[in-house]
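As the structure lists them, so they are numbered: ligands from 1, and atoms in each ligand from 1.
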Amino acid sequence: MCGIVGYIGNNEKKEILLDGLQELEYRGYDSAGIAIIENKQLKNFKAVGRLKNLREKTKDYSSEGFGVSIGHTRWATHGKPTELNAHPHMGAYSFVVHNGIIENYQALKKELQAEGAKFLSQTDTETIVHLFEKNHKINNNPNNTPWKAFQDTIKRLEGAYATLLITEADEQSIYFAKNGSPMLIGFKDNDIYFASSDTPIIGKATEVYYLEDGEFGYAHNGKLHLFNVDGQKKFTKQALATDKAMAQKDGYRFFMEKEIYEQSTVMNDTMMGRVLDGKIDFEELDPTLFDNISNIKICACGTSYHSALASSYLFERLAKIPCQIEIASEFRYKEPLLRDDTLFITISQSGETADTLEALKMAKRAGLKSLSICNVDNSSIVRESDAAVLTRAGIEKGVASTKAFATQTMVLWMLAIYVAQAKKTISKEVLEIELLAMRQTPKALLVKEELHSKMTRLSKRYLHGHGFFFIGRDLFFPLALEGALKLKEISYLHAEGYPSGEMKHGPIALADAELFTIALMPKSLHYDKIKSNVEELCARDVTLLAISPEAFDLADDFVQTTYSSHPMLEFFEMMVVTQLLALEISVRLGNDVDMPRNLAKSVTVE
Ligand code: F6R
């Protein structure tokens, strides 16, 4: 849950590292640091807080000539966000940066301390650099090169890591290893770049190699030397994307706001070539993927879990196939019973979420076929899966996920129809209705100016109270969960999502005028049922914001949405309303909308 960058070459290194870290700040932003070796000079800077603090600290420094350099932006796992705990971590003559968790670090640390190593930080990462220097010193053996010491070091590491190490013992190389955390290597002429994702190197490198788990090696003299357990490996570079423009704010105040507005257009990309005349097609899928499949299990975390939950209604209703949804972190340790007639689907925006990735590996070990729905091509989850469908949402920078959720839900809806087609559980008439509704989705996602200003006005009434209940039924229950998650992530107010029929089984005890209830009341799905649930709450004097195409007398506030006979169109329109509500409440509270406290965009630790 951190971002790492590295560079070896003749260009000015400080700016390359800082620019790269800026792109990775979404992965963690409680401290940052860089280390550079050039002309036999070792320089190291660290700063707590956002990257701008490190920029300020390094403003009078610039690096000249050939050198090696590494940088890191941190999201604390072991040890508080202090300067001492910030990476790069230092030994006597070497520096290391690391993303992931070294699970056996306590045993290693004990062993190293017993031999005299002095630890400065509370991190697991620092063990790597001390272990490396210990291995390097052993016996003063001339064959004991830094490279050999590095190999001996990574052999002892357990857990997930992507790590870079530089050392005065070999001033012309960067050592690297990857296992379970993302890392890629960029190339241009004799320059070599390292990064946790490709945005930091777009515009700098022209070609890229995405490291596989278990790969390690070193970059030296413009060349990459790559190894795995079987020895030295040949590798093929691929062209690196050139378009970073999508990742800029385009005049919006926040990335999250821009991403809410983008949903309508990216949805066209999500559907392109897939929503066809009279059918759904996924040319990336081998139709035999569904042979002998009579059950679907979906695993994901957070927002992606909510899109999975919504899809379970669609898979069962349209494709008549049993579908179970699991939170990945729970699935991992429940000793699940897996049947080989189950298709195992993982959903992830980043494709790097550790729990989801591990769940996928478990399913694969059990012999299940796997499919991932992901926003990042070449991510760990995509590479690990038998098949993948990309959501095509473009880079999502706001930590609170919006367009990723919308596009995941769309892909899952299309997939439900795809399976229904294969299993012949859908009539031609119903199929036509579904396809028509899909084509209308971009319109349902358009953010109307009046709606946005209404949400801005309404938001001022929802800044206090003792909590929010988002309620809905059926497909709108997962949407209620997602609405509540959005709000709590960026407003830091307490919010829960509930199936509206559950309120009377306990939560209604909380009802009073200071309990804000956001009711999702679509006309196309169980309107009367949810209406009576909401009436029960109103009788207990809750403050009600009703979102519905149908005016609702008891509501304190009312947002009118468009009536549609298809629930998914109501779903997407109401989704936008809840996103804007969360956004505007967060803005009024003065919070950092794009980088809310305690969160990171990509959760690569358990
Ligand atoms: C919430 C949010 C998180 C992620 C979760 C899984 O706005 O973004 O809940 O959905 O951490 O991440 P991915 O989808 O990258 O696996």
Side-chain angles (χ1 to χ4, degrees), residues 1 3 24 26-28 75 77 99 160 180-182 196-197 254-257 259-260 263 298-311 325-332 345-361 371-385 388-409 411-412 470 478-479 481-492 495 497 575 578-579 581-583 586 591-606:
M1 180 90 82
L24 294 175
Y26 70 92
R27 296 177 63 88
W75 186 80
T77 52
N99 169 28
S181 299
S196 302
S197 77
F254 311 101
F255 280 112
M256 181 187 177
E257 184 178 38
E259 287 155 7
I260 292 171
Q263 293 177 115
I298 312 184
C299 233
C301 303
T303 286
S304 299
Y305 167 76
H306 296 154
S307 70
L309 209 53
S311 77
I325 314 299
E326 307 257 9
I327 291 181
S329 57
E330 286 300 307
F331 175 81
R332 286 179 66 178
I345 303 182
T346 48
I347 308 178
S348 175
Q349 188 286 128
S350 61
E352 303 296 346
T353 302
D355 283 320
T356 311
L357 180 59
E358 269 315 308
L360 167 60
K361 288 180 181 166
L371 167 68
S372 62
I373 294 171
C374 192
N375 196 33
V376 182
D377 199 4
N378 288 308
S379 57
S380 305
I381 288 176
V382 166
R383 281 181 284 123
E384 193 69 33
S385 305
V389 175
L390 295 178
T391 46
R392 304 178 183 161
I395 295 168
E396 188 177 64
K397 284 221 156 184
V399 164
S401 194
T402 51
K403 61 177 180 169
F405 175 73
T407 53
Q408 287 167 349
T409 308
V411 166
L412 286 158
F470 285 68
L479 185 58
L481 289 173
E482 175 59 9
L485 179 63
K486 282 301 80 99
L487 184 65
K488 63 186 141 198
E489 281 183 292
I490 60 173
S491 71
Y492 319 144
M575 177 198 76
T578 58
Q579 292 169 341
L581 179 69
L583 172 76
S586 173
N591 297 344
D592 188 334
V593 171
D594 285 330
M595 291 193 184
R597 70 184 185 199
N598 303 340
L599 298 178
K601 187 69 188 157
S602 176
V603 187
T604 52
V605 291
E606 194 176 337

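Proximity to Ser348 (heavy-atom distance under 4.0 Å) selects the following atoms of ligand 1: 13 (P), 14 (O), 15 (O), 16 (O). Every atom of ligand 1 with a heavy atom of Ala400 under 4.0 Å away is listed here by number and element: 7 (O). Set against the non-hydrogen atoms of Gln349, the atoms of ligand 1 under 4.0 Å away are 13 (P), 14 (O), 15 (O), 16 (O). Residue Lys486 approaches ligand 1 through these ligand atoms, each under 4.0 Å from one of its heavy atoms: 1 (C), 7 (O).
Side-chain contact check for Asp355 versus Ile327: every heavy-atom pair is 4.5 Å or farther apart. A 4.5 Å side-chain heavy-atom check between Lys397 and Asp594 finds every atom pair outside the cut-off. Glu257 places none of its side-chain heavy atoms less than 4.5 Å from the side chain of Ile260. You'll find the side chain of Phe405 reaches within 4.5 Å of the side chain of Leu479, heavy atoms only. Counting only heavy atoms from C-beta outward, the side chains of Ile373 and Thr346 never approach each other to under 4.5 Å.
Between Gln349 and Ser304, the side chains place no donor N or O within less than 3.5 Å of an acceptor N or O (distance only, hydrogens not considered). There is no side-chain donor-acceptor pair under 3.5 Å between Gln263 and Thr402. Side-chain polar atoms of Glu482 and Thr303 form a donor-acceptor pair below 3.5 angstrom.
Of all protein heavy atoms, the one closest to atom 1 (C) of ligand 1 is Glu489 OE2, 2.8 Å. Protein heavy atom nearest atom 10 (O) of ligand 1, with residue, atom name and distance: Thr303 N, 3.1 Å. Of the protein's non-hydrogen atoms, the one nearest atom 11 (O) of ligand 1 is Val603 CG2, 3.9 Å. Ranking the protein heavy atoms by distance from atom 12 (O) of ligand 1 puts Thr353 OG1, 3.4 Å first. In terms of protein heavy-atom proximity, atom 6 (C) of ligand 1 is nearest to Cys301 O, 3.4 Å.
Among Ser304, Ser350, Gly302, the residue whose heavy atom lies nearest to atom 14 (O) of ligand 1 is Ser304.
Under the 4.0 angstrom criterion for non-hydrogen atoms, Val399 is in contact with ligand 1. Heavy-atom distances between Glu352 and ligand 1 stay at or above 4.0 Å for every pair.
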